[in-house]
Amino acid sequence: MKNTETITLIDNSTGKKLELPILRPTVGTPTIDVRGLYKELGYFTYDPGFLATASCQSAITYLDGEKGVLRYRGYPIEELAEKSTFLEVCYLLYYGNLPNEKQFDDFQEDIRQHTLLHEALRSFYTGFRRDAHPMGIMVGVVGALSSFFHDHENVHDAKLRQRAAHRLIAKMPTIAAWSYRYAHGLPFMYPQNHLDYASNFLYMMFAMPTEEYTPPPLFVKALDLIMILHADHEQNASTSTVRLTGSSEANPFAAVSAGIASLWGPAHGGANEAVIQMLLDISNSDNDVQHYIDRAKDKTDRFRLMGFGHRIYKNYDPRAVIIRNMCHKILQQLEPGNDYQELFDTAMKIESVALKDDYFKSRNLYPNVDYYSGIILLAMKIPLNMFTVIFALSRTIGWISHWNEMMQDPESRIGRPRQLYSGEELRNYAKLDKR
Ligand code: SDX
């Protein structure tokens with residue numbers, strides 16, 4: 001990172017000047033290196049929600065919110081969505097380049113060897129109530145992996161980090177599918193190593209020990225596409241959570257468990273579930289779209305148009321456009337007039353009304369990745385409470401790639417933000433009868 005340029009800060013209260021280095025990225029927004037600010041001028045910076053704060057250097061994913069650009073390791077998401085597969089994208093994100101044939105064969109074989117869970121982990125599921133949200137099960141079971149793999153205690157060993165990454169990529173579909181099977185009182189289906197990644201997950205979700213099961217090819221393609229699109233997204237809330245947790249040298253499974261917990265929120269990964277809930281509510285209210293648009297604009301109403309808006313994208317989320325097209329393809333394969341078509345039509349109507357409304361236009365609020373993804377998952381008979389689980393399953397590769405990048409970064413240190421203190425300055429203890 002070149003930093004020959006500087007920006008001059010003048011403290012008008014003391015006249016003191018400070019030259020701060022400007023760090024230029026490969027592409028995108030330059031950053032001011034403020035690390036000397038407190039030592040030289042005695043100030044912190046204040047940026048709740050980190051709207052203008054770079055927490056790290058990263059070479060994994062690039063976003064341009066104004067232009068609606070998303071690239072994994074420099075490859076446009078549109079090209080990867082059309083030409084790649086989720087497991088190949090996993091290799092790209094973790095290792096930094098697309099694999100050659102031997103590298104990919106070896107990688108896929110290693111993943112296949114780690115899809116099973118320790119049999120003792122099965123009993124973890126029976127400790128949950130049958131109506132437990134699968135995300136709660138994921139947080140618990142993934143966190144528990146840290147107690148099964150003690151060889152991951154040394155997070156500074158690249159080989160052990162690689163093994164943790166492969167284990168997580170391989171085991172997440174099994175853990176996710178079993179959380180669905182447990183909630184529905186169904187027998188656990190074991191991974192089939194002859195199946196590809198997406199087919200294996202659908203097999204473990206929907207197969208029965210009593211009969212043959214082959215997942216519909218279009219559903220396999222749609223799921224693989226959804227996982228590619230959700231694989232990584234720079235320093236989002238859950239990835240930042242994994243980085244902050246991992247910065248204390250915590251076990252990678254514990255760090256990913258923290259990421260799952262963060263993703264669960266409706267403002268983040270939980271939005272895909274909330275979008276469908278919103279569309280169902282609208283459908284059940286005689287499709288009064290304008291009423292919900294007005295509610296979303298009403299500051300006295302906590303309701304937000306779920307699946308709309310994004311911290312970075314002030315244009316269409318490129319993933320939303322790709323998913324909307326896949327959604328259309330899936331619906332065309334289904335019986336005409338199916339329920340999902342109605343949800344899709346409602347979603348399209350909301351999008352068209354909102355994007356003509358100044359409230360949304362002036363705030364650059366467009367559909368994001370969560371807006372259409374739920375309709376595809378519903379059409380695949382994946383239940384609402386599994387949507388964010390699919391997001392977590394997909395984002396695991398992003399989380400673990402950022403964790404691995406951080407553990408190699410010489411500038412990385414334990415994350416410990418400061419604050420703008422607004423409490424009482426000093427008070428002395430008063431006895432009870434004196435208060
Ligand atoms: C994901 O960071 C990532 O990269 C996340 C993600 C990933 O891949 O990891 O892309 C995945 O989390 C997508 C986002 C999913 N969440 C939702 O769809 C929930 C609905 N969206 C919002 O809650 C909101 O848009 C956020 C949380 C996504 C972004 O919030 P910001 O950047 O903090 O924006 P903001 O809340 O400051 O909103 C700016 C203005 C406000 O109005 P004013 O104060 O200017 O009057 O826009 C309004 C907000 O009230 N606004 C909305 C809105 N989103 C923002 N108003 C109505 N409906 C909405 N959805």
Side-chain angles (χ1 to χ4, degrees), residues 47-55 58 60-66 68-72 77 81 89 93 135 226-243 259-279 282 289-323 347 350-351 353-355 357-374 387-388 390-399 401-402:
D47 184 15
F50 312 115
L51 279 87
T53 295
S55 60
S58 179
I60 298 175
T61 291
Y62 172 67
L63 305 184
D64 180 327
E66 300 307 320
V69 166
L70 168 56
R71 296 180 195 141
Y72 293 163
I77 193 68
V89 165
L93 287 169
M135 282 299 277
I226 283 181
M227 293 194 291
I228 289 173
L229 297 176
H230 286 77
D232 192 53
H233 213 241
E234 200 215 62
Q235 305 306 325
N236 58 84
S238 53
T239 300
S240 300
T241 301
V242 172
R243 277 181 172 261
I260 296 171
S262 169
L263 186 73
W264 195 356
H268 188 14
N272 52 19
E273 186 177 338
V275 167
I276 296 297
Q277 206 47 66
M278 175 183 77
L279 294 176
I282 293 173
V289 165
Q290 194 54 51
H291 169 68
Y292 282 82
I293 296 273
D294 295 340
R295 281 190 62 196
K297 293 158 63 178
D298 177 358
K299 292 300 169 194
T300 63
D301 188 335
R302 282 188 58 80
F303 174 79
R304 283 195 161 184
L305 213 48
M306 299 314 280
F308 254 72
H310 198 279
R311 173 63 60 77
I312 310 291
Y313 291 121
K314 301 309 168 194
N315 198 319
Y316 263 96
D317 180 334
R319 302 167 296 177
V321 178
I322 298 167
I323 287 183
I350 293 169
E351 178 183 341
V353 172
L355 296 189
D357 185 305
D358 189 54
Y359 173 92
F360 295 89
K361 283 196 299 188
S362 64
R363 292 169 176 81
N364 297 309
L365 301 176
Y366 290 87
N368 59 51
V369 67
D370 293 306
Y371 191 59
Y372 289 103
S373 53
F387 287 4
T388 313
I390 306 273
F391 196 153
L393 162 58
S394 314
R395 186 54 57 89
T396 295
I397 183 57
W399 291 332
S401 299
H402 280 275

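In each ligand, atom 1 is the first atom listed, and ligand 1 is the first ligand listed.
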Let me confirm one number: the OH-CD1 distance from Y371 to I323, rounded to the nearest 0.5 Å. 13.0 Å
Do Y292 and F303 have ring centres separated by under 6.0 Å? yes
Neighbour list for ligand 1 [protein residues, heavy atom under 4.0 Å]: H233, N236, P266, A267, H268, A271, A296, K299, R304, L305, M306, G307, F308, G309, H310, R311, R319, Y359, R363, L365, N368, D370, F391, R395
Residue pair T61 / D232, side-chain donor-acceptor N/O under 3.5 Å: yes
List in chain and number order the residues that pass salt bridge (Lys or Arg N to Asp or Glu O under 4.0 Å) with D317, two or more places apart in sequence or in another chain; answer none if no residue qualifies. R319
R311 side chain to G49 main-chain N or O, any donor-acceptor pair under 3.5 Å? yes
NZ/K314 to CG/D64 distance, rounded to the nearest 0.5 angstrom? 12.5 Å
